Amino acid sequence: MSDERLNILVTTAWPYCNGDLHIGHIAGAYLGADIFARYQRLRGHNVLMISGSDTHGTPITVRAEEEGITPREVVDRYHPRIIRLWQELGISFDLYTETDTENHWRVSQDFFLTHLQKGYIYKDTMRQWFCLTDQQFLADRYVEGTCPYCGFPEARGDQCDNCGRILDAIELKSPRCRICGGTALEIRDTEHFFLDLAKLNAPLLAWIQEDKEHWRPKVLNYTRAQLESGELRGRPITRDIAWGITVPVSGYEHKRIYVWYEAVIGYYSATLEWSEITGQPEAWKQWWQDPAARTYYFIGKDNIPFHTIIWPGMLIGYGGLNLPYDVPANEYLNVEGRQLSKSRRWVIEVLDVLERYDPDPWRYTLTAIMPETADVNFTWEEFVRRNNDELVATWGNLAHRVLSFTYKHFDGTVPRPGPLDDQDQALLEASAEAFDKVGRLIDAVQLRAALREVRTLAEQANKYLNEKEPWKQIKHDRDAAATTMYVALQVVDRLKVLFAPFLPFSSQRLHEYLGYEGNIMGRQWTEEIQETQKRHLVLRYDGSDIPIRWEPGTLPPGQKLRPPQPLFRKLDPAVAEEEVERMLRQAEQVEA
RNA sequence: GGCGGCGUAGCUCAGCGGUAGAGCAGGCGGCUCAUAAUCGCCGGGUCACAGGUUCGAAUCCUGUCGCCGCCA
């Protein structure tokens, strides 16, 4: 690990702001990003972690129609809830914003105009359904009809829910308008703008062939296969809908920019917004123009092509901005053997479970089973087991036995050690080496393995105590017991740091029990940002006062401890069954 | 139909060219500081199947079977 200070941009997929987030979202993108960002901050790198709510696109308008409210009202309901989730789970975005801001509109329109002017956008005509009653074109999701392949009468314009085929809306038989329910539709020509991906194929291919050894094989193989096929086609980037960013071209103001084009620009626009808010208008250049800067995109596997082909292509077309350094895409998290599904109500919503459980057990379990290389299956039984047998038994108990023993026998003070024997030194060395080992794994975004490595050190420390038996030493050789507890306390103090990116809440408490002052988690707060016309809520973070670093420190002898409490609670194994039943009841309500 | 992934101990999974590993579950033992936590030991696998490459394959290649994605 070099000591060079890097500019590191950590970003995550922008969640659609049409509902609450579930543990699949967290395990897929946000938790990994947070662990990575917290670690890199402790290393002393110049980290900026940003994201925001995706407020546009049909998922939002469909939701609004279902409830008879405006899209903006949908956003205003869920955006603050998503922000509250980040706070409760400790996801440390330096800025979490949204896409319906003047800043994001301006930056997106600038991208559009720049692409247009540089020849990466062209105009073409498409054939689309037009509703004679509403006098407007209908985007895919606004037409329903009979599937031309399987005859299913309720097929949507983009896909048939019965046979699963991807459809072109104009293929539908007996189409109906979803807005007015009428059938007075006809196919008309409509003009749209297209991103010329074919033109970007060659430069993308050149980019993907250099310095990508650190990419996950699956992400790299998939991307290479797409680019080497040389079959990238133009994609429409405008739509005939009424919600979204307007097309900044005279004569086309009634059309909107397609959400897939505009949302990814948020990675850049949010960095500009952060620079603006913090009064450092040039600061964004550290991450977007420094050639040594690294940008990481934490996403789910469904998003891979947007981040390894389309967004890099857009950046190439725009010019002058850094391309992704890594796209550590995760696979899916299933629950109790079934795929998570909002519509079938098969979900574990994070805000909901945080009412019954602490955040760190979730962070622990979801990291331990993070779907880094394959889909994984979450079960409540495993959640309870990981909590009780690993988090509580191995780590929480280690911290507690060391703290409470010291507190009782050494007057609540870190004892002064005598000479260290081989065993003492071996454990201290192992705890120092752990920073290097775990650090390498996090740098490579292998978080499961990194967490396992930290847990191994906790196991070594438990073993050390069993061999030293300080409860016997204290009876006949107080100095020997003092040395043992000194060594154990050093290791617990270091484990506090090693666990901090994964388990920030409990590391903070341990920090206090160990007698230290200060906040090692950083501070999160919300803020209303007023632009010329619009107003929006953002989440911010400040970790500049964090008093620990990613290195083996020394807990000073003589430091006064605070009265210790257990770090984690054991869970009654019965909760696993109760939670599964709760989920089954929820899912059945939908089917009924 | 095309592309890709997976199939390793009862369970969940790691290993991905050099004498089969971890955690949990099961059995036995040590300890009693600690949230009946901890530590040690034991049993248990023809690494889906069949060929091939190699001095040597769970690990590379080919095929078969079984699951699962993505695309058409």
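A note on names: the letters A, B, ... follow the listed sequences, proteins ahead of strands, and every chain is numbered from 1. Remember, predicted model here, so these are calculated numbers, not experimental data.
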* Rounded to whole angstroms, how far apart are CD on A:E331 and P on B:rC68? -> 16 Å
* Considering only atom C1', compute the distance from B:rC55 to B:rG69 and round it to an integer number of Å. => 40 Å
* **Runs of at least three Watson-Crick or G-U pairs with RNA chain B, cut-off 3.5 Å** => B:1-7 with B:65-71, B:10-13 with B:21-24, B:26-29 with B:39-42, B:48-52 with B:60-64
* Is the distance between the ring centroids of A:W362 and A:F378 under 6.0 Å? -> yes
* **Nearest-angstrom distance, C1' atom, B:rG15 to B:rA22** => 10 Å
* Asked: What integer distance in Å separates A:N466:CG from B:rC31:C1'?
  -> 7 Å
* CD of A:E577: more than 12 outside heavy atoms within 6.0 angstrom? -> no
* To do: From the options B:rG5, B:rC33, B:rU38, select the nucleotide whose nearest atom is closest to the side chain of A:N397.
  => B:rU38
* Could you tell me whether the phosphate oxygens of B:rG69, OP1 or OP2, come under 4.0 Å of any side-chain nitrogen or oxygen in A:K301? => no
* Minimum-distance nucleotide to A:D389 side chain [options: B:rC31, B:rC24, B:rA37] -> B:rC24
* Could you check how far CD of A:E228 sits from P of B:rG2, rounded to whole Å? => 20 Å
* **Interatomic distance at P, B:rG23 relative to B:rC61, whole Å** => 31 Å
* Asked: Can you find a side-chain donor-acceptor pair between A:D493 and A:Y516 that sits under 3.5 Å?
  -> yes
* Heavy atoms from other residues, nucleotides or ligands near CG of A:D124 exceed 12 (cutoff 6.0 Å) -> yes
* Asked: Heavy atom of residues 564-581 of chain A under 4.0 Å from RNA chain B: which residues?
  -> A:P566, A:L567, A:F568, A:K570
* Using atom NZ of A:K468 as one end and atom P of B:rC39 as the other, report the distance to the nearest whole Å. => 18 Å
* Structure fact -> In whole angstroms, the gap separating P of B:rG4 from CG of A:L220 amounts to 14 Å
* Asked: Considering only the C1' atoms, how many Å lie between B:rG7 and B:rU64, rounded to the nearest integer?
  -> 14 Å
* Can you tell me if CZ on A:R233 sees more than 12 non-hydrogen neighbours from other groups inside 6.0 Å? -> no
* Asked: A:R385 has a side chain; which of B:rG23, B:rG5, B:rA14 sits nearest to it?
  -> B:rG23
* To do: Return the residues of residues 496-513 of chain A meeting this criterion: a heavy atom under 4.0 Å from some atom of RNA chain B. Order them by number, or give none.
  => none
* Asked: If we take the P atom in both B:rG18 and B:rU59, what is their distance in whole Å?
  -> 11 Å
* Asked: Crowded around A:R569 CZ? As in, over 12 foreign heavy atoms under 6.0 Å?
  -> no
* **Separation of the P atoms in B:rG30 and B:rG17, to the nearest angstrom** => 44 Å
* Ignoring backbone atoms, establish whether A:T373 has a side-chain N or O less than 4.0 Å from OP1 or OP2 of B:rA14. => yes
* Asked: Between B:rU35 and B:rU19, how far is it from one P atom to the other, in whole Å?
  -> 43 Å
* For B:rC39 versus B:rC24, give the span between their P atoms, rounded off to a whole number of Å. => 8 Å
* **Test of ring centre spacing under 6.0 Å for A:Y296 and A:Y325** => yes
* Comparing A:V376 and A:L398 on RNA chain B - which has the more 5′ nearest nucleotide -> A:V376
* Counting side-chain heavy atoms from CB outward, which of B:rC31, B:rC33, B:rG23 is closest to A:K472? -> B:rC31
* Asked: What's the CG-P distance between A:N387 and B:rA37, to the nearest Å?
  -> 12 Å
* For the residue pair A:S431 and A:R494, confirm or rule out a side-chain donor-acceptor distance under 3.5 Å. => yes
* Using a distance-only test with no angle check, is there a side-chain donor-acceptor pair under 3.5 angstrom linking A:Q508 and A:E512? -> yes
* Asked: Going by atom types only, do A:Y297 and A:W311 share a side-chain donor-acceptor pair under 3.5 Å?
  -> yes
* To do: Please check the phosphate of B:rA37 (OP1 and OP2 only) for any side-chain N or O of A:R401 closer than 4.0 Å.
  => no
* Specify whether A:W380 and A:F383 have parallel, tilted or perpendicular ring planes, treating 30° as the upper limit for parallel and 60° as the lower limit for perpendicular. => perpendicular
* Most 5' of A:E459 and A:W471 on RNA chain B, judged by nearest nucleotide -> A:W471
* Asked: Can you tell me how far C1' of B:rC70 sits from CG of A:N330, to the nearest Å?
  -> 17 Å
* Between A:N221 and A:P217, is there a donor-acceptor pair closer than 3.5 Å when you use the side chain of the first and the backbone of the second? -> yes
* Hey, does A:A374 reach any base, or is it just sugar-phosphate, or nothing, if we go heavy atoms under 4.0 Å? -> nothing
* Asked: Which heavy atom of A:M370 sits nearest a heavy atom of A:G32, and at what distance?
  -> CE-N, 3.8 Å
* Asked: A:R452 has an atom CZ; how far is it from atom C1' of B:rG23, in whole Å?
  -> 10 Å
* Asked: Looking just at side-chain N and O atoms, do A:Y364 and A:R455 make a donor-acceptor pair shorter than 3.5 Å?
  -> yes
